[in-house]
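First the structure, in the form of structure tokens, and then the observations on it.
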Amino acid sequence: MAFPPAHMLVGVGMAEVVRSVAPLPRWRAWAVAAGLAVLPDMDLVLGIALRRGVGYHGTFTHSVAAVVVIALLAGVAAGGRWAVLAGAGYGSHLVVDLMDDRGRTNVLLGWPFTDERPFAIARIFPQVPSHIEEGLKEAVLSLFSRTVIAPLSKQTAMGAAFFVALVFLAWIIRQARGAPMRGGRTR
């Protein structure tokens, strides 16, 4: 399971790719994409609130159906460009989780039609021990231990590498379209 920094960096990179074809204000697009990139893991909060621990993690929020629902809601609320951004930002979470280092992922791509959890398509993001099963306080305190900081730092570095690669891809798309976007303003 990747932690929020990696998800947010990849989500923001996806925002730049979307902005290269659908002009949106940079900082608003980045904030929306970063928030949506971590939203699927709110199933952890739901599990903790309902005293199910990690029982809900990697369920309905980690599916293509959830991506479609989020994109449709954004489209109704803010229009087509924001729908594309919302789908890309939220969907980036699934892509990162599909590159988890543990083999079988926590992603239910086909929910509600199947409970099949696919194997990782690449083992890029190292596992970080979460300690959430031990309770919220223990999980938070564990973030300061060496066994957590080292893989979390590697995950964040990988997220940053994806961010740079996606920003470069966005630049290539803008150059190919002959439409550079300056200063985050829309045309």
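Atom CZ of residue Arg28 and atom CH2 of residue Trp82 lie 5.0 Å apart, to the nearest 0.5 angstrom. Here the CG atom belonging to Asp100 is positioned 9.0 Å from the CG atom belonging to Leu98, to the nearest 0.5 angstrom. Atom CE in Met8 sits 11.0 Å away from atom CG in Leu36 (nearest 0.5 Å).
Under the rule for a side-chain hydrogen bond (donor to acceptor under 3.5 Å, both in side chains), the partners of Arg104 that lie at least two apart in sequence or sit in another chain are Glu116. Qualifying side-chain hydrogen bond (donor to acceptor under 3.5 Å, both in side chains) partners for Trp30, counting only residues two or more places apart in sequence or in other chains: Glu16. Residues that satisfy the side-chain contact (heavy atoms from CB on, under 4.5 Å) test with Val67, not counting sequence neighbours, are Tyr90, Leu94.
Annotation for Phe119: hydrophobic cluster partners, listed by chain and number, are none (ILVMFWY side-chain heavy atoms under 4.5 Å, direct or chained). Residue Val76 belongs to no hydrophobic cluster, having no ILVMFWY side-chain heavy atom closer than 4.5 Å to its own. Residue Ile172 is found in a hydrophobic cluster whose other members, listed by chain and number, are Phe168, Trp171; membership requires side-chain heavy atoms under 4.5 Å apart, directly or through intermediates.
Thr61 has its side chain out of reach of Met42: every pair of non-hydrogen atoms, C-beta onward, lies at least 4.5 Å apart. The shortest side-chain heavy-atom distance between His7 and Asp41 falls under the 4.5 Å cut-off. Within the 4.5 Å cutoff, side-chain heavy atoms of Pro23 are placed close to those of Arg81. Side-chain atoms of Met14 and Leu85, non-hydrogen and from C-beta on, never get closer than 4.5 Å to each other. The shortest distance between side-chain heavy atoms of Leu24 and Val32 does not fall below 4.5 Å.
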